[in-house]
Amino acid sequence: MLDARFVRENIDVLKSALKKRGYEIDLSEFLSLEEDRLRLLKESEELRNKRNVVSEEIGKIKRQGQNANSLVTEMKGVSDRIKEIDEILRAIEEKTNSFLLNIPNIPHESVPAGKDETENVEVRRWGVPREFDFEPLNHWDIAETLDIIDFERGAKIAGARFAVMKGPGARLERALMNFMLDLNTSKGYKEIFPPILVNRGSMTGTGQLPKFSEDLFRTVDPEFYLIPTAEVPVTNIHRDEILREEQLPIYYTAYTPCFRREAGAYGKDTRGLIRQHQFNKVELVKFTKPENSYEELEKLTNDAEDILQKLGLPYRVIVLCTGDMGFSSAKTYDIEVWLPGQQRYREISSCSNFEDFQARRANIRFKREGKKGTEFVHTLNGSGLAIGRTLVAILENYQQKDGTVIVPEALKQYMGVEVIR
RNA sequence: GGAGAGGUGGCCGAGUUGGUCGAAGGCAGCCGCCUGCUAAGCGGUUGUGGGGGUAACACCUCACCCAGGGUUCGAAUCCCUGCCUCUCCGCCA
């Protein structure tokens, strides 16, 4: 969320920045509400001041055994008036707050302007897609032949968009988790294994609520939310905290299952493992000082790329244009892996700098050495990587004519075999 | 699930016949002094957020003693609800 004061004082900056996102904003109601709010706030505070002073007076008078009835009556009136004002204030704040919660983040100046995903810009490519001397299969065909992913049983047990991983398929899933966590922790990321069910405050802190509830699974009694990404519990680790400057930057990596309703994706990627209600992911999360966050975004993206390089999977990096970026992000790189079965690049990681947008919602601050006051940290995160999609990429890129799949060099020690057959 | 205890500042911990409490005291931190060094000692100082104010400080003011309501002229202190922690019993991986 943006800061109310910032919005009040930077109307034009905000308007033009959001226009680049294709987001027209009408601030007139907000501004007049803010005007009312500040006026009433002042009145309320002045009355409280009066009440504090006089109440103390009443105490003194009573201790002297004298009568203070007229003052008491007067203060009763003052208190009633304070209550009235506060009720109005609460109503106003509810409106302004929900208005602020629904404004997306301001894009960084380096983000290309554009209306949708067709205007994203490719930044670099790594690796050369392999030449096949046969027609490469889709991963679901490969998996069916090898009997390592069972979509029918997944549907029977749970429903559409669920799968059962079997034998070497399950092992590959586990191998990837371990491989990624080992690689990430070797670079200084601290391993975290957080709760998978979280409360409403955490979902609001990272921006999933109130705007995107339709994509979340929720338990009813008691109420919890199933995390759509480890970003939620891991970023919320430091919610409502004031960090010391020397603690920054903080690097976390976490494996978790992720749960998404995919409500807006009917008919998309219905076959295969690309879009599931439940999937595994290893996440990278950073908390940094504002002046370092863009440098840290580059490093974080590189760390995610390194996983693909070590697995020998060709990919490209694109920077999302203003119109395609997520709600909370100021700048996002997507990493897309080459899938021979689909003859195209598919998203496997999304690395974002949220600047202070999440930190303000989640109230994550830090204190500079020798300076008074606090500042919001910058938060970043990226997949490192989505396990299911990595598994898909391995099956498709390492498939052989006879239907078997070669295990990438880096995974052999985790798999125990050289070929999945 | 049942019974009980409790949630106060960076930490520990007073305060529960409502008023002089943003909150004693201790520890830790910071700044001085003192001191061969260190330790000890002495003095001072140290929360967050909002509003106003300033060139910037200063300063003024409001709120915050888990959260949200309530009673009252006035609440850390009384009442209600929720959340969390601890102990005992039961159950369970």
Side-chain angles (χ1 to χ4, degrees), chain A residues 1-10 30-101 193-205 209 218-225 233 236-248 250 257 356 359-377:
Chain A
M1 92 191 275
L2 301 171
D3 179 45
R5 188 179 205 142
F6 172 84
V7 173
R8 287 204 303 266
E9 293 171 1
N10 296 277
F30 173 79
L31 291 173
S32 93
L33 282 173
E34 277 291 281
E35 203 175 297
D36 291 346
R37 186 176 72 84
L38 292 178
R39 200 188 64 242
L40 290 167
L41 189 63
K42 198 171 180 208
E43 187 181 347
S44 167
E45 286 186 357
E46 278 165 2
L47 289 173
R48 277 166 201 272
N49 179 237
K50 183 172 182 185
R51 186 177 70 184
N52 288 346
V53 172
V54 176
S55 289
E56 197 173 312
E57 193 68 23
I58 291 172
K60 277 183 196 157
I61 292 172
K62 287 203 163 176
R63 247 172 289 125
Q64 289 166 7
Q66 292 173 0
N67 185 306
N69 287 353
S70 68
L71 283 177
V72 169
T73 309
E74 191 192 342
M75 284 310 102
K76 197 169 174 57
V78 170
S79 277
D80 288 345
R81 177 62 186 150
I82 291 173
K83 252 177 220 173
E84 265 175 51
I85 294 174
D86 284 354
E87 222 153 280
I88 302 170
L89 273 175
R90 205 181 313 167
I92 291 176
E93 273 164 17
E94 206 169 292
K95 279 187 198 166
T96 55
N97 205 35
S98 92
F99 179 80
L100 290 172
L101 280 173
F193 188 67
I196 311 303
L197 297 177
V198 301
N199 57 33
R200 171 170 285 272
S202 294
M203 283 296 181
T204 308
L209 289 177
R218 179 168 63 93
T219 66
V220 174
D221 186 21
E223 183 183 88
F224 285 113
Y225 292 86
N236 276 288
I237 286 175
H238 295 297
R239 175 152 52 106
D240 293 321
E241 289 185 11
I242 300 173
L243 303 165
R244 284 171 288 113
E245 183 177 14
E246 64 267 26
Q247 286 178 272
L248 300 173
I250 294 172
D356 63 4
R360 182 173 292 108
R361 292 173 82 118
N363 195 27
I364 306 170
R365 293 167 292 168
F366 77 103
K367 201 178 183 68
R368 284 192 200 270
E369 195 68 40
K371 279 206 171 177
K372 56 187 293 188
T374 58
E375 292 174 54
F376 290 109
V377 301

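Computed from a predicted structure; not experimentally measured. Numbers restart at 1 for each chain; the letters A, B, ... are given by sequence-line order, proteins then strands.
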Quick check for you: among [options], whose closest atom lies nearest to any side-chain atom of [X]?
X	options	answer
R48(A)	U61(B), G19(B), A63(B)	A63(B)
R90(A)	C62(B), G69(B), G19(B)	G69(B)
I242(A)	G69(B), U48(B), G52(B)	U48(B)
T374(A)	G19(B), G47(B), G49(B)	G49(B)
E45(A)	G49(B), G74(B), G50(B)	G50(B)
R5(A)	G52(B), C73(B), C62(B)	G52(B)

Suppose you measure atom [atom1] in [N] against the same atom in [M]; what distance do you get, rounded to whole Å?
N	M	atom1	answer
C78(B)	G15(B)	C1'	15 Å
U17(B)	U77(B)	P	12 Å
G41(B)	A55(B)	P	46 Å
A14(B)	C27(B)	C1'	15 Å
C11(B)	A28(B)	P	16 Å
A23(B)	G9(B)	C1'	9 Å
G7(B)	A76(B)	P	16 Å
G44(B)	U48(B)	P	22 Å

For [N], give the paired nucleotide (Watson-Crick: N1-N3 plus N6-O4 or O6-N4; G-U: N1-O2 and O6-N3; both under 3.5 Å), or none.
N	answer
U38(B)	none
A93(B)	none
A14(B)	none
C57(B)	none
C78(B)	G70(B)
U45(B)	G29(B)
C86(B)	G4(B)

- Task: For K60(A), report the nucleic acid contact type (base, sugar-phosphate, nothing); a contact means any heavy atom under 4.0 Å.
- Result: nothing

State, yes or no, whether a side-chain contact exists between [X] and [Y] at a heavy-atom distance under 4.5 Å.
X	Y	value
D3(A)	F376(A)	no
I250(A)	L243(A)	yes
I364(A)	E241(A)	no

Between atom [atom1] in [X] and atom [atom2] in [N], what is the gap in whole Å?
X	N	atom1	atom2	answer
R244(A)	A28(B)	CZ	P	17 Å
L40(A)	G52(B)	CG	C1'	16 Å
N52(A)	C21(B)	CG	P	14 Å

- Under 6.0 Å from the CD atom of E94(A), do we count more than 12 heavy atoms belonging to anything else shown? no

- Item | E35(A) atom CD: more than 12 heavy-atom contacts under 6.0 Å | no

- Task: Could you tell me which residues satisfy side-chain hydrogen bond (donor to acceptor under 3.5 Å, both in side chains) with E45(A), sequence neighbours excluded, listed by chain and number?
- Result: none

- Has R51(A) got a side-chain N or O lying under 4.0 Å from the OP1 or OP2 atom of C73(B)? no

- Query: Within the pair K367(A) and U48(B), is there a side-chain N or O less than 4.0 Å away from OP1 or OP2?
  - Reply: yes

- Sorted by number, residues from residues 71-84 of chain A placing a heavy atom under 4.0 Å from RNA chain B are V72(A), M75(A), K76(A), S79(A), K83(A)

- Task: Between N49(A) and F224(A), just flag the one whose closest nucleotide in RNA chain B comes earlier from the 5' side.
- Result: N49(A)

- Message: Just verifying a value: how many Å separate L101(A) CG and M1(A) CE, rounded to the nearest 0.5 Å?
- Response: 4.5 Å

- Check the pair R90(A) / E87(A) against salt bridge (Lys or Arg N to Asp or Glu O under 4.0 Å), numbers first and verdict last. CA-CA 5 Å; R90(A) 205 181 313 167; E87(A) 222 153 280; 5.2 Å; no

- Message: The test is salt bridge (Lys or Arg N to Asp or Glu O under 4.0 Å); show your working for R39(A) and D36(A) and say whether it passes.
- Response: CA-CA 5 Å; R39(A) 200 188 64 242; D36(A) 291 346; 3.3 Å; yes

